[in-house]
Amino acid sequence: MGQIFQRSTNFISRISIFGGVFFVALIIWLLLEFNRSSYYTQAFFPREQPVQFSHKHHAGDDGIDCRYCHTSVETEAFAGIPPTKTCMNCHSQIWSSSPYLEPVRESWRTGKSINWTRVHDLPDFVYFNHSIHVNKGVGCSTCHGRIDLMPLTYQVASLNMEWCLECHRNPEPQLRPKNAIFKMDWEAPPNQQQEGARLRREYNIPSTEVLTSCSTCHR
Amino acid sequence: MLASLTLLAGCRQDMHDQPKYIPLRPVDQVGTVSDGRSARPLVEGAVPRDDARNDIEFYTGKLRNFAGLNPGAVPAGRQQGANQAAANQPGTNQQGQNSPAQQFQGFVTEFPMPITAADLDRGEERFNIYCSVCHGLSGDGQGMIVKRGFKRPPSYHEDRLRQAPVGYFFDVITNGFSTMPDYASQISPRDRWRIISYIRALQLSQHATEADVPADKLGDLSKPPEKATGKEGEHER
């Protein structure tokens, strides 16, 4: 009986052991990438909304401040979606017979809320708070992108834990002065490194250990 | 592979979507009502616990005798003013038969809280958020939404509104005025007074140089808080 395993099989088996390891690693890597891909996180996909509400028109072209509609963003965890009354402030008069606005008028007549589809939705085991970010120099556009150019709202960040941590480990490059929080076209000045460090002291932002501790976000 | 797929199939989203009330999430039922909201509207007649709203002047802008606690007791001037404005041409608001003195009767004439430079700055910020879209950054009534077809509001710099008592402004913000919507749910009472202090500053700043300043410079003029606060300070209690 001749040898079943020739000398060369040693080589093959080595290859296949390595290959197997690489294959498993590849699968894991693919899964992780998939997890971060915009397909999975739903970034860049506009949602179907009951009213074709356009931030581009309202915030961009008409220059309405974010806080006119998202009133609680500076004081509460939750930014707030405007109630129908806020839309009617203006739309009782302008575009008051437009078919696009029929759902708004119907909601106003019947007192039923408009069912907006959520765009950003963190899992319920994560605690997020707008007011702390907005009051400590993180602007809307850092996390939400150029909302004022979006005809339909979409998410630009993955909202992964990795994404939050990336900033919590090193917030300096993103910090702005107070009066620039709502500026949509803010860009870091050339001396952002010193600026960021100065602002971090000014805002009294705690250490990286505190910001990245699990119980900051999972409480 | 198969094993990991089976494991993946076991993943559930229970902890992602927990059965609790969070803002804006539609719910099937709360107690006995099922309109889909977890945040309940206020019951009629509810009184905030923090302040029993005893300070009528602070919360209504009306003098105690005029405000009354029954809803019928609206200052006489206000009702006439509103009816009359509604009957007028859009944006004109001229005075008909009743004089400003009558229209503004019953409103508080002094700020019911001290106004500091910080209050004025806050007022400016809030004004720019909530009022400038219609009234324009300088209060001339040429805001963006007006350019898109909303009724043009009167300029703050016309005589009648320069003489209007601060309480009257408070009442307009709180209850609206003819075609102007009310801002009671969007602006806290304290911020309303701050906005008014800023409007006063705008009026003062524009009065001095009204005619001879080019329109595009009016915005700069809206920032002489030192002078304006000085004036405002005289009214403080």
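Convention: sequence-line order gives letters A, B, ...; per-chain numbering from 1.
Taking the six-membered ring wherever Trp is involved, the centroid distance between the rings of His133(A) and Phe128(A) falls below 6.0 Å. For His58(A) and Phe53(A), the ring centers sit closer than 6.0 Å to each other. Side-chain rings of Phe78(A) and His130(A) stay apart, their centers remaining 6.0 Å or farther from each other.
Ile187(B) pairs with exactly one of Thr174(B), Ile129(B), Ile195(B) by the side chain to side chain contact (heavy atoms under 4.5 Å, CB included) rule, that one being Ile195(B).
Put simply, of Asn89(A), Ile94(A), Asp61(A), Thr86(A), the one with the most heavy-atom pairs under 4.5 Å next to chain B is Asn89(A). Counting heavy-atom pairs under 4.5 Å between each of Val24(A), Val126(A), Ile64(A) and chain B puts Ile64(A) at the top.
With a 4.5 angstrom heavy-atom cutoff, Asn128(B) does not touch chain A via any of its atoms. Of the atoms belonging to Asn179(A), not a single heavy atom falls under 4.5 Å from chain B.
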